[in-house]
**Student:** 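Below you will find the structure I want to go over with you.
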Protein chains: 2
Amino acid sequence: MYKAYQLIRNAGLKLTPIRKEIILIFEESPRPFTPREVQNLVQKRIGRCGLPGIYRNLEALAGCGVLFRLAGFGRERFYALCREPGTDPHHHHIVCVSCGKVAHVDGCRYHEGMMLGGYRLLSHIVQFEGVCANCQENN
Amino acid sequence: MYKAYQLIRNAGLKLTPIRKEIILIFEESPRPFTPREVQNLVQKRIGRCGLPGIYRNLEALAGCGVLFRLAGFGRERFYALCREPGTDPHHHHIVCVSCGKVAHVDGCRYHEGMMLGGYRLLSHIVQFEGVCANCQENN
DNA sequence: CCTTTAAATGGAAATAGTTTCCATTTATTC
DNA sequence: GAATAAATGGAAACTATTTCCATTTAAAGG
């Protein structure tokens, strides 16, 4: 994840042990995590760590393109790893409702500045839920 | 909004004064509201009314297709009126960042059951932000 | 109408996710 | 190794949302 380290440095952020650990945690799992889950996982690896710091770090990492935050209507927030940070063409994500695995969905037709229903488009949220190939078989 | 009344009745829900008032409030404004805003507006019209009831009603009305809940990353939730409830072909919405006006965006290419990146699609969130024609002129 | 009944309501309190504050520690630069 | 801005952790504050429960009410059937 040296690419991630670059993104952090380029954003003027420090490369701290907790940030490295957070990146490793997301690297090693295909699924999204809540801030609380990240805290628990970090604590297992490097001892005590505060939830406020986790929140700050998840936002910081999302801000510099290492993570992204999932859209949804639940009360908890989820973050996942950008697996091709920086080099990505514009794309969105699909999450498996069974195992949580996140995959890319390419070919978004929307982009900033285009006209849409008489509006000038500024931003958009596109997010999918489905069942991944693996979970389709095992059910 | 007789259509809305039908949707409420068809869902086995009661047509209460508060629900009628909530529908009117959304009817008279082109923009989304938070639960708190709805409470304030209802109180101005028919006196005291509790926030828990507003939450229950907004969810109930969204559940039967009268309202829908907007996606987003803010800490507050927003609801808006389905302006063609029931008869709508599948579509999404764009919200003006300046005045809040909501419009339809038709032509979604995604539907339940289709394959997408190896996943079988179950649901999706598509939500747009932009500047409406009116606000483009007046700036 | 009048009765019955399940649903809706409002207020208070509980929950829970998130943010703020601040004193201390630490990564980075020179 | 020293200087400095950023990061950290704990406690507390915030705030949106939900739960609980006693009371009221819409709707259905006599």
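Excluded from the calculations below are hydrogen atoms, water molecules and symmetry mates; all remaining heavy atoms, backbone and side chain alike, are included.
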**Student:** What is the nucleic acid contact for B:R19, judged by heavy atoms within less than 4.0 Å: base, sugar-phosphate only, or nothing?
**Tutor:**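 Since only primed, P, OP1 and OP2 atoms lie under 4.0 Å of B:R19, the category is sugar-phosphate.
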
**Student:** In terms of the nearest nucleotide of DNA chain D, which residue is placed more toward the 5' end: B:R69 or B:P17?
**Tutor:** B:R69

**Student:** From the list C:dG10, D:dT17, C:dG17, which nucleotide is the closest neighbour of the side chain of B:L51?
**Tutor:**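 Looking only at heavy atoms from C-beta outward on B:L51, the closest nucleotide is D:dT17.
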
**Student:** Between atom NZ in B:K20 and atom C1' in C:dA8, what is the gap in whole Å?
**Tutor:** 14 Å

**Student:** Separation of A:E76 atom CD from D:dT17 atom C1', in whole Å?
**Tutor:**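 Atom-to-atom, A:E76 to D:dT17, this comes out as 13 Å.
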
**Student:** When the distance from CD1 of A:I54 to P of D:dT8 is rounded to whole Å, what number comes out?
**Tutor:** 8 Å

**Student:** Rounded to the Å, how far apart are B:Q43 CD and C:dT9 C1'?
**Tutor:** 13 Å

**Student:** B:R56 near the nucleic acid: base, sugar-phosphate alone, or nothing, with a heavy-atom cut-off under 4.0 Å?
**Tutor:** base

**Student:** Is the shortest side-chain N to carboxylate O distance from B:R19 to B:E59 below 4.0 Å?
**Tutor:**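 No salt bridge links B:R19 with B:E59.
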
**Student:** Are A:R31 and A:E37 ion-paired here, with the side-chain N under 4.0 Å from a carboxylate O?
**Tutor:** yes

**Student:** Hey, does the side chain of A:R77 come within less than 4.0 Å of C:dT18's phosphate (OP1/OP2), counting only N and O?
**Tutor:**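 Checking A:R77 against C:dT18: at least one side-chain N or O falls below 4.0 Å of OP1 or OP2.
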
**Student:** For A:I8 and C:dT28, give me the distance from atom CD1 to atom C1', rounded to whole Å.
**Tutor:** 14 Å

**Student:** Does OP1 or OP2 of D:dT18 have a side-chain N or O of B:Y55 closer than 4.0 Å?
**Tutor:** no

**Student:** Measure the distance from CG on B:L58 to P on C:dA8 and round it to the nearest whole Å.
**Tutor:** 14 Å

**Student:** Of all the nucleotides listed (C:dA7, C:dG10, C:dA27), which has the minimum atom distance to the side chain of A:T16?
**Tutor:**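 Selected nucleotide: C:dA27.
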
**Student:** Indicate whether OP1 or OP2 belonging to D:dA27 is found under 4.0 Å from a side-chain N or O atom of B:R9.
**Tutor:**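 Yes, such a contact exists.
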
**Student:** With a 3.5 Å cut-off and no angle check, do the side chains of A:H124 and A:H92 form a donor-acceptor pair?
**Tutor:** yes

**Student:** Rounded to whole Å, how long is the line connecting atom CZ of B:R48 with atom P of C:dG11?
**Tutor:** 6 Å

**Student:** Would you call B:E27 and B:R83 a salt bridge, using N to O less than 4.0 angstrom?
**Tutor:**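 Yes.
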
**Student:** Among D:dT17, D:dA7, D:dG9, which nucleotide has an atom closest to any side-chain atom of A:I18?
**Tutor:** D:dG9

**Student:** May I have the distance from A:Q39 (atom CD) to C:dT19 (atom C1'), rounded to whole angstrom?
**Tutor:**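 From A:Q39 CD to C:dT19 C1': 15 Å.
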
**Student:** Let me spell it out: for each of A:P52 and A:K14, pick the nucleotide of DNA chain C with the closest heavy atom. Which residue's pick is nearer the 5' end?
**Tutor:** A:P52

**Student:** Any idea which of C:dA7, C:dA16, D:dA16 is nearest the B:R36 side chain?
**Tutor:**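 So the side chain of B:R36 is nearest to D:dA16.
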
**Student:** For A:H91 and A:H104, take the angle between the two ring planes, folded into 0 to 90°, and tell me which bin it lands in: parallel under 30, tilted 30 to 60, perpendicular over 60.
**Tutor:**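 Plane angle under 30°, so parallel.
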
